[in-house]
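Sequential numbering from 1 along the given sequence is applied to the chain's residues. In each ligand, atom 1 is the first atom listed, and ligand 1 is the first ligand listed.
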Amino acid sequence: MLRARITGTGSAVPDKVLTNQDLEKMVDTNDEWITTRTGIKERRIAAKDEYTSTLAIKAARSALEMVSVSPEQLDMILVATVTPDFPFPATACIVQNELGANNAVAFDITAACSGFLYGLSMADAYIKTGAFKKILVIGAELLTRIVDFTDRNTCILFGDGAGAVLLEPSEEEKGILSTHIYSNGNHWQLLYLPGLGTRNPVTEQKTMDERLYYLRMEGNDVFKYAVRAMGDAATAALEANGCTADDVKLLIPHQANRRIIEATGKRVGIPLERIFVNLHKYGNTSAASIPIALDEANRSGRLNPGDLVLMAAFGGGFTYASALIKW
Ligand code: COA
């Protein structure tokens, strides 16, 4: 049976670090509050001349270099992002151009923080049919461009970054075992960006006056839904493969809040020692969080051949998703 296998991983974050102490000087907050409520200590913030594509391209090059695959060999580039360079064209097309991936089809996926796992699910399906062979899935975000740095409820949470994986077909019993993707549009207003689209065009005064170009979030409601949704998605992955939590070598959850991660682990039955956490360094990088974590886990030797790796995400929409991989 043909499976899609992750062969290369890469990631990139901006150089500039924004610490909790820096935020103390910007809004009424403190390191102790942010650390205990979220687990975040610092996040990366892009320079003025860095865009979502800048980080996406760096992460992509790093994943391709790992396995010596050239951009011309790529058949498809998927970029999951809610902070594209432009409303159109797709950031994936900008990445394609910069890489010189002239034989690839390229498009973006909008599924907020679940975007990377949505992309993985699509790539898996395309590879299994045999229609496409080498697919690059990238999660890339510059969330600090849509965050209000005068709103302490949101500005402490988010950061910038990108992660990429290369997927290739494999005849071996290795690779993506299953993906599950879900949406629940009933709650879209709990986490969204009101401006910059067609409802509140940037050309209207209201968009400026009401600062509609910054994301809005009902933190408490999002928190509760996130724990349930990530837990359900992760459990679905285990059940579909006849596995238990004990079989999982590493859970790589979306990095939104340490308390959400811990509660998800508890719900699924995976202890913290087997959960990958790096949000203290980067905050919530939305679609980029899982591929950055996966790349760090891969490069630091935490993944061995045959390991079962479970990934689970949750994001605006609401969207949620999981993937189970045999490394
Ligand atoms: N510094 C200090 N105090 C803050 C603060 C900050 N940065 N942000 C909020 N507070 C205050 C609130 O104003 C509130 O004060 P009050 O009791 O006087 O009204 C108090 O802290 C508690 O706020 P609350 O919202 O209940 O805190 P919380 O424990 O729910 O934590 C979040 C807030 C945002 C960290 C948490 O709800 C969360 O992580 N939600 C999920 C967000 C998320 O992951 N979004 C992306 C999903 S992909």
Under a 3.5 Å cutoff, is there a donor and acceptor pairing between the side chains of [X] and [Y]?
| X | Y | result |
| --- | --- | --- |
| Glu72 | Asn103 | no |
| Asn257 | Thr38 | no |
| Thr29 | Arg37 | no |
| Glu141 | Ser286 | yes |

Subject >> Winner among Phe318, Trp33, Phe223 once heavy atoms are compared against atom 4 (C) of ligand 1 >> reply: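 Of the listed residues, Trp33 has the closest heavy atom.
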Within the structure, does [X] bring an N/O atom to less than 3.5 angstrom of an N/O atom in ligand 1?
| X | result |
| --- | --- |
| Thr38 | no |
| Asn220 | yes |
| Arg152 | yes |
| Gly219 | yes |

Original post:
Do any pairs count as a salt bridge (charged side-chain N to carboxylate O under 4.0 Å, His left out) and have a residue in residues 313-327, sequence neighbours left out, and if so which ones?
Top reply: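 Output for this query is empty, none listed.
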**OP:** Any salt bridge (charged side-chain N to carboxylate O under 4.0 Å, His left out) involving residues 6-29? Give me the pairs, sequence neighbours left out, ordered by first then second residue.
**Re:**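 For residues 6-29, and leaving out neighbouring residues, the salt bridge (charged side-chain N to carboxylate O under 4.0 Å, His left out) pairs sorted by first residue read Asp28-Arg152.
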Verify [atom]: protein non-hydrogen atom under 4.0 angstrom away:
| atom | answer |
| --- | --- |
| atom 14 (C) of ligand 1 | no |
| atom 31 (O) of ligand 1 | yes |
| atom 19 (O) of ligand 1 | no |

Please determine whether a side-chain nitrogen of the Lys or Arg among [X] and [Y] lies less than 4.0 Å from a carboxylate oxygen of the Asp or Glu.
| X | Y | result |
| --- | --- | --- |
| Arg44 | Glu50 | no |
| Arg3 | Glu173 | yes |
| Asp232 | Arg228 | no |
| Arg5 | Glu168 | no |

List every atom of ligand 1 that sits less than 4.0 Å from any heavy atom of [X], numbering the atoms from 1 in the order shown and giving each element.
| X | value |
| --- | --- |
| Cys113 | 48 (S) |
| Asn257 | 35 (C), 38 (C), 39 (O) |
| Ala256 | 44 (O) |
| Arg37 | 22 (C), 27 (O), 28 (P), 29 (O) |
| Asn284 | 46 (C), 48 (S) |
| Phe314 | 48 (S) |
| His254 | 48 (S) |
| Thr29 | 1 (N), 2 (C), 6 (C), 7 (N) |

**OP:** Could you check atom 9 (C) of ligand 1 against the protein and tell me its nearest heavy-atom contact, residue, atom and distance included?
**Re:**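 Checked against all protein heavy atoms, atom 9 (C) of ligand 1 sits closest to Asn153 OD1, 3.2 Å.
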Subject >> Nearest-contact summary for atom 42 (C) of ligand 1 - protein heavy atom, Å >> reply: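 The closest one turns out to be Met217 SD, 3.6 Å.
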Original post:
Taking heavy atoms and a distance under 4.0 Å, where does Thr154 meet ligand 1: side chain, backbone, both or neither?
Top reply: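 The answer is neither.
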**OP:** Have a look at ligand 1 and work out which part of Ile260, if any, has a heavy atom under 4.0 Å from it: side chain, backbone, both or neither.
**Re:**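 The side chain, only.
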**OP:** Might you work through the side-chain contact (heavy atoms from CB on, under 4.5 Å) test for Glu65 and Arg61, ending with a clear yes or no?
**Re:** CA-CA 6 Å; Glu65 277 161 18; Arg61 286 207 172 106; 4.2 Å; yes
Original post:
Are any of the heavy atoms in Ile156 under 4.0 Å away from ligand 1?
Top reply: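 Judged by the 4.0 Å heavy-atom criterion, Ile156 does count as contacting ligand 1.
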Original post:
Does the separation of the ring centres of Tyr320 and Phe314 fall below 6.0 angstrom?
Top reply: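 Between Tyr320 and Phe314, the centre distance exceeds or equals 6.0 Å.
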**OP:** Verify the ring-centre separation between His187 and Phe318: is it less than 6.0 angstrom?
**Re:**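 Yes; His187 has its ring centre under 6.0 Å from that of Phe318.
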